[in-house]
Amino acid sequence: MDTPHTSCQLREYLGNRFVYAAISQRAGGLLLGIEMTPNQKCNYDCVYCYVKRDPANARRMFNVRVMLAELKELLQMHRLGRFKELSIFSKVPDELLRLKGVALSGEGEPTLCHCFAEVVSEIVNLRATAQWPDFKLMLITNGSGLNQQPVRQGLRQFRTSDEIWVKLDAGTDEAMRRINRTRVTADAVVNNMVAMGQWRPIFVQSFFCAFEGVEPREDEIDAYIRTLAEARERGASIAGVQIYSVVRPPANPACTRLPLNQLSSIARRVRAETGLCAEVY
Ligand code: SF4
């Protein structure tokens with residue numbers, strides 16, 4: 001936000017521990033992000049992740065009460081139009097300072113947060129009070145934890161207009177081991193996407209980059225597109241596919257941006273071969 005999962009040009013904690021403000025290209029404006037994993041825990045280790053994981057952070061715990069106080073403060077700042085007064089946001093056009101949502105995200109995988117359902121519950125309760133402006137709630141996830149009971153319990157509180165953004169960068173275990181450096185399998189993610197997508201629409205986020213100068217192989221792109229098509233055929237409602245590449249220097253300099261024409265070519269193939277709406281960001 002930029003969370004490691006998504007692309008943002010600006011991100012600022014404003015002295016907070018758990019809530020930050022970010023301008024997100026894909027959300028099209030201001031997001032208030034919840035740092036769900038202050039310990040930076042993730043079950044992926046993507047080659048392109050910008051997070052420099054520090055063992056000293058491993059014991060940092062989420063605190064729901066502090067998060068809520070910080071969220072209220074930023075909502076209030078937004079209501080009073082005070083973001084423009086901050087030097088980091090002073091040059092941002094007004095239309096990009098419109099609040100697009102509150103995102104459950106952060107420097108790790110948000111579904112690993114030990115109090116996921118409680119966080120959702122508290123934010124949904126806050127949203128329900130007339131005191132605060134209405135906002136969309138978003139989950140930005142690598143998809144591996146969507147089958148977990150506490151996560152399901154939290155997501156049941158989402159309303160129809162809230163959004164779930166799921167990462168899918170590859171269609172094979174071999175490519176996932178190389179790009180996402182995880183033991184989570186492609187099948188596990190697709191099964192979760194299908195189960196979630198049969199219940200409510202999801203968005204898919206897919207990152208492509210060159211690694212050590214080597215671009216994704218054609219057979220890998222084929223497998224990725226087949227995986228999207230399979231998820232759709234199995235009944236997953238996929239509202240959109242967001243294709244993107246490096247937008248700011250990742251922690252690993254071996255990872256470089258794919259040219260726009262290649263990203264566009266992948267998006268074209270997704271549209272033609274799966275019928276899904278795909279856009280490059
Ligand atoms: S899934 Fe984990 S490792 Fe990959 S980009 Fe997101 S936070 Fe980083």
Side-chain angles (χ1 to χ4, degrees), residues 1-9 11 13 18-20 22 24-27 31 33-58 60 62 103-114 116 119 138-148 151 163-193 196 202-211 216 220 224 227 241-258 263 281:
M1 320 207 87
D2 203 16
T3 68
H5 298 303
T6 69
S7 67
C8 301
Q9 279 69 44
R11 181 184 192 227
Y13 273 85
F18 304 110
V19 187
Y20 54 85
S24 165
Q25 186 184 6
R26 271 169 288 158
L31 289 180
I34 312 295
E35 174 52 80
M36 298 287 282
T37 48
N39 57 8
Q40 301 178 313
K41 188 173 172 188
C42 189
N43 53 352
Y44 284 23
D45 180 23
C46 302
V47 289
Y48 57 82
C49 188
Y50 83 85
V51 178
K52 294 186 172 84
R53 293 195 159 75
D54 181 349
N57 293 332
R60 283 163 57 188
F62 194 86
L104 309 178
S105 186
E107 294 199 331
E109 167 49 36
T111 60
L112 295 176
C113 176
H114 69 280
F116 184 92
V119 172
M138 300 162 168
L139 168 65
I140 300 172
T141 172
N142 65 25
S144 60
L146 290 173
N147 58 342
Q148 299 300 308
V151 176
E163 294 179 359
I164 299 172
W165 297 9
V166 183
K167 171 189 291 301
L168 182 75
D169 298 336
T172 65
D173 294 349
E174 187 267 328
M176 280 186 65
R177 277 197 296 272
R178 196 159 33 79
I179 299 161
N180 305 119
R181 298 190 294 198
T182 180
R183 280 186 283 184
V184 175
T185 63
D187 273 355
V189 175
V190 173
N191 288 341
N192 284 350
M193 282 171 54
M196 191 56 58
I202 57 171
F203 290 85
V204 174
Q205 293 192 311
S206 303
F207 183 98
F208 295 93
C209 67
F211 186 62
E220 288 177 348
Y224 158 76
T227 302
V241 180
Q242 305 176 336
I243 290 169
Y244 66 113
S245 189
V246 177
V247 286
R248 62 177 182 152
N252 187 338
C255 203
T256 49
R257 183 172 172 82
L258 267 199
L263 298 173
Y281 284 83

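Ligands are counted one by one from 1 in listed order, and the atoms in each one are counted from 1 as well.
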Any Gln205 heavy atom less than 4.0 Å from ligand 1: no
Check the surroundings of atom CZ in Arg181: do more than 12 heavy atoms from other residues, nucleotides or ligands lie under 6.0 Å from it? yes
N, O or S of Cys49 under 2.8 Å from atom 4 (Fe) of ligand 1: no
Between atom CD of Glu107 and atom OH of Tyr20, what is the distance when rounded to the nearest 0.5 Å? 8.5 Å
When you look for heavy atoms under 4.0 Å from ligand 1, do you find them on the side chain of Cys46, its backbone, both, or neither? both
With sequence neighbours left out, the residues meeting ring pair (Phe, Tyr, Trp, His ring centres under 6.0 Å) with Phe207 are Tyr48, Tyr244
Would you say Lys167 contacts ligand 1, with heavy atoms under 4.0 Å as the rule? yes
Distance filter under 4.0 Å to Arg53 heavy atoms, resulting ligand 1 atoms: 7 (S), 8 (Fe)
To the nearest 0.5 Å, how far apart are CG in Asn43 and OG in Ser144? 3.5 Å
Check against salt bridge (Lys or Arg N to Asp or Glu O under 4.0 Å), Arg26 and Glu163: CA-CA 13 Å; Arg26 271 169 288 158; Glu163 294 179 359; over 6 Å; no
For Cys42, the ligand 1 atoms whose distance to one of its heavy atoms is below 4.0 Å: 1 (S), 2 (Fe), 3 (S), 7 (S)
